[in-house]
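Scroll down for the structure; my scribbles are underneath it.
Side chains included, hydrogens not; waters and symmetry mates left out as well; all remaining heavy atoms used.
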Amino acid sequence: MSDEPQPQPQPQPQQPNRGWASGAPEAAGKAKKPKRPRRTGWRRLIPTWRIVLSTVVIGLLLIVGGFFLGYHLVQIPAANALATKQSNVYLYADGSVLARDGEVNRESVGLARISKDAQHAVLAAEDRDFYTESAIDPMAMVRAGWNTATGKGKQSGSTITQQYVKNYYLAQDQTVTRKVKEFFIAIKLDREKSKAEILEGYLNTSFFGRGAYGIQSAAQAYFGVDAKDLTAAQGAYLASLLNAPSQYDVVAHPENRPAAEARWNYVMNGMVDKGWLSASDRAAAKFPKPKQSTISTNMSGQRGYVVNIVKKYLIENGIVDEEELGRGGYRITTTLQKDKQDAFVKAVDDKLMSQLDKKERKVDTYVRAGGASVDPKTGKVVAMYNGIDYVKQYTPNATRRDFQVGSTFKPFVFTSAVENHSETQNGRTINPNTRYDGTSERPVEGWAGGRYAPENEDHRDYGNVTVREATDKSINAVYAQMAVDVGSDKVMQTAIDLGLSKNTPELTPSPSIALGVATASPLDMAEAYATLANHGRHSTYTLVEKVMKDGKQEVELPERREHQAVSREAADTTTSVLRSVVQNGTASAAQAVGRPAAAKTGTAEEDTAAWFAGYTPDLATVVAVMGQDPKTAAHKSLYGAMGLPRINGGGAPAEIWSQYTRNALEGEPVADFDLQLQAGADVTAPPSSDASDEPGDGDESGSGDPDAPSTDEEDDTQTPGDSGGSTPPGDSGGTETGPPTTGGGTPGSGGPSTEPGPTGGGDSGGDSGGDDSANGGTDPGGGATDGAGGGDSDTGLPGFPGTPRRQ
């Protein structure tokens, strides 16, 4: 080999790769692709398809992820406070609204209690495809947004489900957060609740104007009917209000009637389009006329009293818990009958309130009235009068227990006598013809608790009188003795059996019980008199007929209880005696009712209250006129009220009773009493011939002297409490007096007194019962003598409550 360097081969130019077609092996490695030319000018602003695709994919992933995240994070919350707040609705027995209480005028009702026409009207106005669509409608939301943006009016674009979510679960604020929550809650709710449940909730939470939340309150506010009775035309009007409640109220804004009618026509036509209303019914329908706006939550007049009394009744009887009642949502049907309630109010206005002159007579500012009326057969309270206006006088006069009932208590004494087969001190059975000594301030016999000698009114002496006559004239001396003869503890129990509460203040066993020192309420007394009217069968009074919760759940009421409180003989014989009081005695004003009636008058001590208690076979009613200082609440005498010397049971109370009873029973058949009397009670003894017709002056003379024994024509000497038994017609009896019995104990009444009162005169209203003070001294109408006390100076009797002055 040569040492010279060899020449190197020259590089050959690279041939283009021709692929497999050349059959040459592929060169190692690939050639680089040429770079894309840069985008210039306007082309730089247009995204490539790769960017667009990536953005769409990422966006969809975010939307789907956000949806699932939101669906799981947003929970269905508890209802907002406003959505669940309801009023309690109080109804008359006929279903008409009596009152509402609560801050929100809402009454929830079940879908079954909303007319189909009203349901369809709301669907036609708000969401015609409600039953077939999903919980949300994206297209409607877009359309609503476009219409709002283009000036066609603000629209929500929400389905009924979304609107219900907003009403019930969320606030009304217009924020993105609220709309997002609304969206997710609506979807969840649509999966968990039926369409019917959602529609029911929507109808009960929507605002219709006039302060009415929910279609039931709206139906009452605009048309005075329940939601179940709404017609298609009325339903369409209420549905129109959902769009603009205040603007479409044609009463409040008559200038907007054309717009309201246009909206109404839209709804009505929609009902036809969906097949919910026939074309003929649509053609016949007329735009409804809403009633004038009223404030349904007003507690004025009698409403506030009734609401509070019924509330107390529900709570005390364990029907509804106080806390639950405070939450609202109760629909309470009372036993009160609207026609009778109105008649009671009018009678008080006509016979009492319109007769007052509060500017000229200060005493007229003291006048209050209370009363209650009970159906004897059922015990249902059908009417009450509590005061002139709840917002002016808060105390419910029908249920207050702070005024003496006076001589309206006396019938209970006689009922107890018959019930217990009681006898006088000398063993004669007490019946309507039993004779007693009616001498004023005569000490009672047989009482071991101390001396007690009540006055008759104006110190009037009556001599020997029958029980019937003593009841006609309301003679205190007779009934105080009868209470001792029967046993004051038995009298008290009979009063409780008839219907008085055992907790009645001053209801204690003593001779004064007969004169009405107890302070029962008019409602208590009406219940007791109703028992007499019902032949001695007692039904505990009831104020409530039915209670519904949230329009669905009926609350269980206590079982009605009725029992024979006293024998029929005792009750019916008392009725026969009280019928005589109407025909011949202090209750004669009741004859104006034009029906068989039994009644008794009463007056409290110092004329602070006057009572009239009476009944027909169909209705028992008690009326009280009371005196109370409007500033201090102190009891006040009613001397001079209405321009009269005194107010008594036979005056204004009897006139109120008569007008009310006549109107309350108008149109009802006249019923007579069906009485089963005590043996011998069907024969009426003639009135006494020796009773004084003039007011007594307390002088110890003649038949008024209980301390001077005397012998009657038959020489039959008896004690003052034993004045003979049943006397057949023609036997006038004798003057039956005897020596008093002190009975031991602390000396009682009989000393002089200076009770206030009018000067002289009798009982202007015919209520000629006794002056029932335990003090035996002077009423300004009589003399200042020692009535029967033989010089005793004590002005009070320990153990005896203050005794009524007048009956």
Side-chain angles (χ1 to χ4, degrees), residues 81 84-109 213 216-217 220 295-338 340-341 344-345 368 370-374 379-402 499 501 503 520-524 526-527 540-560:
T84 56
K85 185 72 175 179
Q86 297 184 60
S87 59
N88 291 319
V89 184
Y90 298 81
L91 308 173
Y92 287 107
D94 64 2
S96 58
V97 176
L98 189 158
R100 297 176 187 268
D101 74 329
E103 299 175 0
V104 176
N105 181 17
R106 175 189 286 117
E107 179 189 353
S108 295
V109 294
Y213 288 84
Q216 168 66 16
S217 296
Q220 286 289 342
I295 303 174
S296 59
T297 55
N298 197 334
M299 289 288 109
S300 63
Q302 298 297 305
R303 291 192 283 276
Y305 299 117
V306 172
V307 166
N308 285 337
I309 291 172
V310 172
K311 276 184 179 179
K312 184 177 180 182
Y313 177 87
L314 292 171
I315 295 168
E316 289 185 347
N317 286 276
I319 299 171
V320 179
D321 178 78
E322 184 174 9
E323 184 177 349
E324 283 295 318
L325 193 61
R327 292 193 182 111
Y330 287 92
R331 183 180 178 88
I332 302 152
T333 303
T334 70
T335 58
L336 299 178
Q337 298 178 18
K338 190 175 188 308
K340 291 180 174 61
Q341 184 71 20
F344 213 148
V345 173
R368 304 285 183 272
S373 187
V374 176
K380 294 178 181 179
V381 181
V382 297
M384 284 191 295
Y385 186 91
N386 284 283
I388 57 170
D389 194 330
Y390 177 71
V391 300
K392 298 178 181 178
Q393 296 176 5
Y394 302 113
T395 303
N397 294 328
T399 58
R400 66 188 302 170
R401 290 173 174 162
D402 59 337
S501 169
N503 298 319
S521 72
L523 181 55
D524 294 334
E527 183 179 351
T540 303
Y541 83 86
T542 178
L543 275 165
V544 175
E545 195 81 70
K546 185 178 181 181
V547 179
M548 295 287 290
K549 171 63 174 171
D550 294 330
K552 302 176 185 177
Q553 178 185 353
E554 184 169 352
V555 178
E556 185 177 356
L557 298 178
E559 184 179 357
R560 178 173 173 264

So, Asn317 side chain and Ile319 main chain: donor-acceptor pair closer than 3.5 Å or not? no

Indicate the atoms forming the closest heavy-atom contact of Pro522 with Gly371, along with that distance. CB-CA, 4.0 Å

Applying side chain to side chain contact (heavy atoms under 4.5 Å, CB included), name anything that partners Glu554, two or more places apart in sequence or on another chain. Lys546, Met548

What's the separation between atom OG in Ser501 and atom CG in Leu523, rounded to the nearest 0.5 Å? 11.0 Å

Over all atoms of both residues, closest heavy-atom pair of Tyr92 and Gln337: CD2-C, 4.2 Å

Does any part of the side chain of Glu107, heavy atoms only, come nearer than 4.5 Å to the side chain of Gln220, both counted from C-beta? no

Rounded to the nearest 0.5 Å, how far apart are CZ of Arg368 and OG1 of Thr395? 8.5 Å

Got Leu98 and Leu336 here, is their nearest side-chain heavy-atom distance under 4.5 Å? yes

Side-chain (Lys338) to main-chain (Leu91) donor-acceptor, under 3.5 angstrom: no

Which residues share a side-chain hydrogen bond (donor to acceptor under 3.5 Å, both in side chains) with Glu545, sequence neighbours left out: Lys380

Can you give me every donor-acceptor pair (side chain of residues 308-315, partner residue at least two apart or in another chain, under 3.5 Å) with its distance?
unit_1	atom_1	unit_2	atom_2	d
Asn308	ND2	Tyr390	OH	2.7
Lys311	NZ	Asp101	OD2	2.9
Tyr313	OH	Thr542	OG1	3.1

If we only count heavy atoms from C-beta on, is the Leu543 to Val381 side-chain gap below 4.5 Å? yes

With a 4.5 Å heavy-atom cut-off, do Val382 and Val374 have their side chains touching? no

Sidechain-backbone polar pair: Asp550 side chain, Ser108 backbone, donor-acceptor under 3.5 Å: no

Residues passing the salt bridge (Lys or Arg N to Asp or Glu O under 4.0 Å) test with Asp402, sequence neighbours excluded, are Arg400

Just wondering, do Val544 and Ile332 contact through their side chains at under 4.5 Å, heavy atoms? yes

Side chains of Ser217 and Arg100: closer than 4.5 Å at any heavy-atom pair? yes

Side chain to side chain contact (heavy atoms under 4.5 Å, CB included) involving Gln302 - partner list, sequence neighbours excluded: Tyr305, Gln341, Val345, Tyr385, Asn386

Output all residues satisfying side-chain hydrogen bond (donor to acceptor under 3.5 Å, both in side chains) with Asn503, sequence neighbours left out; order by chain, then residue number. none

How close do Gly301 and Asp389 get, heavy atom to heavy atom, and via which atoms? N-OD1, 2.9 Å

